[in-house]
Amino acid sequence: MIAFIRGTVVYKDAEIAILETGGYELVMSVHALAALPACGNPAQVWTYLAVKEDDISLFGFSEPAERELFEKLIAVSGIGPKMAISALSTFRPAEFVAHIAAGDVSAISTIPGVGKKIAQRMILELQGTLKTSDAFEAFAIGDDNRPLQDAAGALEAMGFSGDEISAALKGCTESDTSAIIRYALKHVGGAA
């Protein structure tokens, strides 16, 4: 599987982005596309390769936890990759996880192509899995603090659990991603 692609953004619109690393076309949510830098700037995009008998598509995500949410969505019976991207375009990951946890059928039904029955199925199949997954702890930080989100994602990639990351970041006042990571690494496991 292609885990991520790093390259220069050469094109992006409302549905796709193209990175110069071989010219990969990535289908992305509007939120992930908005997080991409402007054309001509370097970017790293986490990916999922979907292979069907009549199509091969590469989906892109701004962070590993967003990709994990996508994978959980497509595991729901009747939800394909395009509907999962639609869900991630309708709601930011934190909002989506909150609606699933609350069992909010009417909110989930606002996703294009999702009716009441599919919304109920999504809630039924995802409700327990999203609450217990460590990867979604980063969403609790909030979408407005990008450096803290990036640091949490990096720590997760290093193998730390959501609880370890939360504990290590407690009391952090740094505003730069690398400074936040250094702070967390000094404080992981309760060390001072």
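We count residues from 1, following the sequence as given.
Under a hydrophobic clustering in which Ile, Leu, Val, Met, Phe, Trp and Tyr are joined whenever their side-chain heavy atoms come within less than 4.5 Å, directly or via other members, V105 and I108 fall into the same cluster. F4 and L69 end up in the same hydrophobic cluster when Ile, Leu, Val, Met, Phe, Trp and Tyr side chains are linked at under 4.5 Å. Under the 4.5 Å side-chain heavy-atom criterion for grouping Ile, Leu, Val, Met, Phe, Trp and Tyr, L124 is not connected to I79 through any hydrophobic cluster.
Each of Q127, R121, M122 was evaluated against E125; a single residue qualifies, R121, per the side chain to side chain contact (heavy atoms under 4.5 Å, CB included) test.
Residues I56 and V51 share a closest heavy-atom pair of CG1-CG1, 4.2 Å. The two residues A32 and S62 make their nearest non-hydrogen contact at CB-N, 3.9 Å. Of all non-hydrogen atoms in A17 and L33, the two that sit nearest each other are CB-CD2, 3.7 Å. Minimum heavy-atom separation, L26 to G60: CB-N, 4.2 Å. Listed here is the closest heavy atom pair of S109 and A119: OG-CB, 3.5 Å. When all heavy atoms of A14 and V30 are compared, the pair lying nearest together is O-CG1, 3.8 Å.
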Applying side-chain contact (heavy atoms from CB on, under 4.5 Å) to H31 and L88, what does each step give before you reach the verdict? CA-CA 8 Å; H31 304 297; L88 293 173; 5.8 Å; no
side-chain contact (heavy atoms from CB on, under 4.5 Å) for F96 and I111? Distances and angles first, verdict last. CA-CA 10 Å; F96 183 79; I111 298 167; 4.0 Å; yes
Using the rule given for side-chain contact (heavy atoms from CB on, under 4.5 Å), can you reason through V97 versus F91, listing the C-alpha separation, both sets of side-chain angles and the distance that settles it, and then say yes or no? CA-CA 9 Å; V97 170; F91 298 110; over 6 Å; no
Give the intermediate values and the outcome of side-chain contact (heavy atoms from CB on, under 4.5 Å) for residues F59 and V45. CA-CA 9 Å; F59 294 86; V45 178; over 6 Å; no
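Note that CZ of F61 is 4.5 Å distant from CZ of F70, once rounded to the nearest 0.5 Å. For the atom pair OG (S86) and CG (L73), the distance works out to 10.5 Å, reported to the nearest 0.5 Å.
Side-chain contact between W46 and E66 is absent, with no heavy atoms from C-beta onward closer than 4.5 Å. Contact annotation: the side chain of I123 never approaches that of D104 to less than 4.5 Å [non-hydrogen atoms, C-beta and beyond]. The closest side-chain heavy-atom distance from V9 to N41 is not below 4.5 Å. Residues V114 and T90 are not in side-chain contact: their nearest non-hydrogen atoms beyond the backbone lie 4.5 Å or more apart.
Although no hydrogens or angles enter the test, the distance criterion places no donor-acceptor pair under 3.5 Å between the side chain of R6 and the main chain of Q44. At least one donor-acceptor pair closer than 3.5 Å links the side chain of S89 to the backbone N or O of I85.
Applying the 6.0 Å contact sphere to CD of E15 captures no more than 12 heavy atoms from other residues, nucleotides or ligands.
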